Every structure is written in structure tokens, then in C-alpha cells.
Amino acid sequence: MNAPERSAHPHVMTGAQTGGMSRAFVKEDEGERWSPPTAPRAYRILWTGYGTEPEVMKETDDLLEALQWMGSRDRREFEIRDLRGVLLATG
């Protein structure tokens, strides 16, 4: 891709820009290298404020940390669930 084409398509990255890595392993919008998913944590804090799917706000292995995080928020649309999805607490 030559320079005029690159400026017309700023979201397309060349091999030199990605360190030679295939675009399949680069996040399309941010231009960051792909990284494998992290291991699942024991507890997840979900926000159920809008939409049909809850949004994961925080994951941790420490239940006390999750409770403190949730308690420090002004909103009350939070849930803490364990790894299996069992509801443990609501905000």
C-alpha cells in the first residue's frame, strides 16, 4: 500500500506498523497487539443498568474486594456473581 492509500485508510495498518504481525492478531480499532484472554476470576461484578445483557464491570478473586467496590458506587444496579453465575449480592 503506498502513502496516498494509507492516508485514505487510516484504520489499515501495514506490516511495519504492526511489527510484521498479521492483521488477524491486531485489534482493528485500537491498533494494539492481540493478547490471549485472562483466566476467569472467582467473582464478577455486573452492571444491569441498561440493555438486555449485563456488563462485566470488574472481576476479582477476592469477595471482600468485590463487595467494597460495589458498596462504594452511587448506583444500585450491580450484582456480584460467582464463577458459575450464582447471584451472591446485589447493590
Side-chain angles (χ1 to χ4, degrees):
M1 183 181 298
N2 60 36
E5 288 177 294
R6 236 182 320 215
S7 64
H9 305 285
H11 64 281
V12 175
M13 300 182 73
T14 66
Q17 291 171 310
T18 62
M21 184 177 261
S22 166
R23 282 188 43 214
F25 294 101
V26 177
K27 292 180 184 176
E28 189 67 30
D29 294 332
E30 294 91 28
E32 298 174 13
R33 289 185 183 269
W34 177 86
S35 58
T38 58
R41 302 294 189 164
Y43 306 103
R44 290 188 299 168
I45 300 173
L46 304 171
W47 185 53
T48 59
Y50 67 89
T52 58
E53 292 293 319
E55 182 178 346
V56 176
M57 301 302 293
K58 182 175 180 63
E59 294 185 352
T60 181
D61 289 322
D62 185 345
L63 181 57
L64 184 56
E65 176 188 355
L67 289 166
Q68 289 172 337
W69 187 94
M70 189 174 71
S72 69
R73 302 300 183 261
D74 290 336
R75 296 182 175 236
R76 298 293 166 223
E77 299 92 7
F78 291 110
E79 299 177 348
I80 297 178
R81 294 189 177 263
D82 70 5
L83 192 57
R84 297 173 305 189
V86 174
L87 179 64
L88 302 175
T90 59

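All figures in this text were calculated on a predicted structure; none of them were measured in a lab. In this chain, residues are counted from 1 in sequence order.
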Student: Work out which heavy atom in A89 is nearest to a heavy atom in L67; give both atom names and the distance.
Tutor: CB-CD2, 4.0 Å
Student: Side-chain heavy atoms nearer than 4.5 Å, only ILVMFWY residues, links allowed to pass through others: does that put M70 and L46 together?
Tutor: no
Student: Could you pull out all donor-acceptor pairs under 3.5 Å where a side-chain atom in residues 50-61 meets a protein atom, sequence neighbours excluded?
Tutor:
residue : atom : partner : partner atom : Å
K58     : NZ   : E65     : OE2          : 3.1
T60     : OG1  : D62     : N            : 3.1
T60     : OG1  : E65     : OE1          : 2.9
D61     : OD1  : A42     : N            : 2.9
D61     : OD2  : R41     : NH1          : 2.9

Student: Check residues 74-84 and write down every donor-acceptor pair under 3.5 Å in which the side-chain atom is one partner and the other belongs to a residue at least two apart or another chain.
Tutor:
residue : atom : partner : partner atom : Å
R76     : NH1  : R73     : O            : 3.2
E77     : OE1  : W47     : NE1          : 3.2
E79     : OE1  : R81     : NE           : 2.8
E79     : OE1  : R81     : NH2          : 3.1
R81     : NH1  : G85     : O            : 2.7
D82     : OD1  : R84     : N            : 3.0
D82     : OD1  : G85     : N            : 3.0
D82     : OD1  : V86     : N            : 2.8
D82     : OD2  : R84     : NH2          : 3.3

